[in-house]
Amino acid sequence: MPELPEAETIARGLRRYLVGKKILQITARVPSLRRPLNLIKLRTGAVGKKVVAVNRRGKAIIIELSGKRAILIQLGMTGACKLCPEQEALNKHDHVIFAVSGKLSLRFEDIRRFGMLESFQLDEEASWPEFLKTLGPEPLEKGFSGEYLHTITRKRKTAIKTLLLNQRSVAGIGNIYASELLFRAHIRPGRAAGRLKLAECEKIVEQTRKVLKEAIKAGGTTISDYKGVDGNAGKFDRKLRIYGKAGKACEACGGTIKRIVQTGRATFYCPVCQK
DNA sequence: AGACACCCCTGAGAGC
DNA sequence: TGCTCTCAGGGGTGTC
């Protein structure tokens, strides 16, 4: 499900209600998500601690706690964080429940269980989840520039879309926005990354920023099951120009939108507009 | 090193 | 109605 804009929307929602609250207890209703849940480590790291901040890194949400502890939440394909009154009935796929002061309940719901929850020490990089250590620059920050993209792509034969999906290149771009931003940048997803000119890399960076910012404004994308902390769906799906539109007319040129598969993931593009 | 295929899991929708 | 098949926003692992 969630890419950067969805994670950002969730992080903002959590921040608003969670900062200053105390984690009272953590319970799990399944033994594992993507990996076995280390409930003991989660509890030792978080129970009794106060929420200091809620941040986002790429597609992941980081709940910062007192004592420099933190919880990393990776949403996977179908993960969602919901905040509700503690007495509210549990849903079938509410897998991990955080009891929070003020009679609140933070619930991690995840139909496909591709998500991950990990506890770590913020000021000890050695304790960080591997995923965090290797994550590329934030696409909305200065580190992600045309020059950066140009540099890391030299001699790379990988398709540009595949490279953008790799979280080590840049953090937070997922399958939907990868198609959308390449459409807006007029670049074919199958182009060898190493053959892109500096000006094209700049265009990609510019359109990445634009599309992500627009999506954050709209509260994320809803394909089927994305929800914000309050259960509200995002509205960006109404703004998608290319994703999921195979066989339909390109809004820019009227040409027919194509669907291809790259490393097992669907890609959509306009063969006329994108070179 | 880097580029893939495959796997984890449930549910929705299409087609028969 | 109910079966079977395909597909789905992520990312870790193993193999060539």
Problem set entry | Polar side-chain contact A:R112-B:dC9 base: donor and acceptor under 3.5 Å | yes

For this session: Establish whether the base of B:dC8 is bridged to the side chain of A:R113 by a donor-acceptor pair shorter than 3.5 Å.
Result: no

What's the [atom1]-[atom2] distance between [X] and [N], to the nearest Å?
X: A:M77; N: B:dG11; atom1: CE; atom2: C1'; value: 12 Å
X: A:R265; N: C:dC7; atom1: CZ; atom2: C1'; value: 12 Å
X: A:L165; N: B:dC4; atom1: CG; atom2: C1'; value: 14 Å
X: A:I111; N: B:dT10; atom1: CD1; atom2: P; value: 11 Å
X: A:L163; N: B:dA1; atom1: CG; atom2: P; value: 17 Å
X: A:Q262; N: C:dA8; atom1: CD; atom2: P; value: 13 Å
X: A:K161; N: C:dG10; atom1: NZ; atom2: C1'; value: 12 Å
X: A:L33; N: C:dG12; atom1: CG; atom2: P; value: 14 Å

If only side-chain N and O atoms of [X] are considered, is one of them under 4.0 Å from the OP1 or OP2 phosphate oxygen of [N]?
X: A:K59; N: C:dG10; answer: yes
X: A:R34; N: B:dC9; answer: no
X: A:Y177; N: C:dG9; answer: no
X: A:Q74; N: C:dG11; answer: yes
X: A:H93; N: B:dG11; answer: yes
X: A:K155; N: B:dG2; answer: no
X: A:Q167; N: C:dG11; answer: yes
X: A:T263; N: B:dC4; answer: no

Exercise. Just by distance, with hydrogens left out, do A:K161 and A:T267 show a side-chain donor and acceptor under 3.5 Å apart?
Worked result: yes

Exercise. Would you say the side-chain atoms of A:R34 and A:Q74 include a donor-acceptor pair closer than 3.5 Å?
Worked result: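 Their side chains do not contain a donor-acceptor pair, so the 3.5 Å distance test is not met.
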
Starting the side chain at C-beta, find the nucleotide from [options] nearest to [X].
X: A:E3; options: C:dG12, B:dT10, C:dG9; result: C:dG9
X: A:F114; options: C:dG12, B:dC9, C:dG9; result: B:dC9
X: A:R156; options: B:dT10, C:dA8, B:dA3; result: B:dA3
X: A:M116; options: C:dG12, C:dA8, B:dT10; result: C:dG12

Exercise. Can you name the one residue among A:I242, A:V211, A:I204 that meets side-chain contact (heavy atoms from CB on, under 4.5 Å) with A:L182?
Worked result: A:I204

Exercise. Considering every strand shown, what is the Watson-Crick or G-U wobble mate of B:dC9 when both distances are under 3.5 Å?
Worked result: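 Pairing partner: none.
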
For this session: Identify the nucleotide, in any strand shown, that forms a Watson-Crick or G-U wobble pair with C:dG9, with both distances under 3.5 Å; if there is none, say none.
Result: none

Base, sugar-phosphate alone, or nothing: which one does [X] contact when heavy atoms must sit under 4.0 Å apart?
X: A:R259; value: sugar-phosphate
X: A:K92; value: sugar-phosphate
X: A:G174; value: sugar-phosphate

For this session: Say whether, by atom type as modelled, one donor and one acceptor occur between the side chain of A:R209 and the main chain of A:P139 under 3.5 angstrom.
Result: yes

For this session: Please check if the side chain of A:S32 supplies one atom and the backbone of A:L37 the other of a donor-acceptor pair under 3.5 Å.
Result: no

For this session: Could you measure between the two P atoms, the one in B:dC9 and the one in C:dC3, and give it in whole Å?
Result: 23 Å

Problem set entry | NZ/NE/NH1/NH2 to OD/OE distance under 4.0 Å, A:E130 and A:K133 |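 Judged by the 4.0 Å cut-off on N to carboxylate O distance, A:E130 and A:K133 do form a salt bridge.
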
Problem set entry | Carboxylate-amine/guanidinium proximity below 4.0 Å for A:E251 and A:K245 |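 No, A:E251 and A:K245 are not salt-bridged.
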
Every protein N/O lying under 3.5 Å from an N/O of nucleotides 13-16 of chain C:
none

For this session: Using side-chain hydrogen bond (donor to acceptor under 3.5 Å, both in side chains) as the criterion, point out the one residue from A:K59, A:R56, A:K213 that pairs with A:E8.
Result: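 Of all the options given, the one that passes is A:R56.
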
For this session: Give the C-alpha distance, both sets of side-chain angles, the deciding distance and a yes or no for side chain to side chain contact (heavy atoms under 4.5 Å, CB included) between A:C81 and A:L75.
Result: CA-CA 8 Å; A:C81 292; A:L75 300 159; 4.2 Å; yes

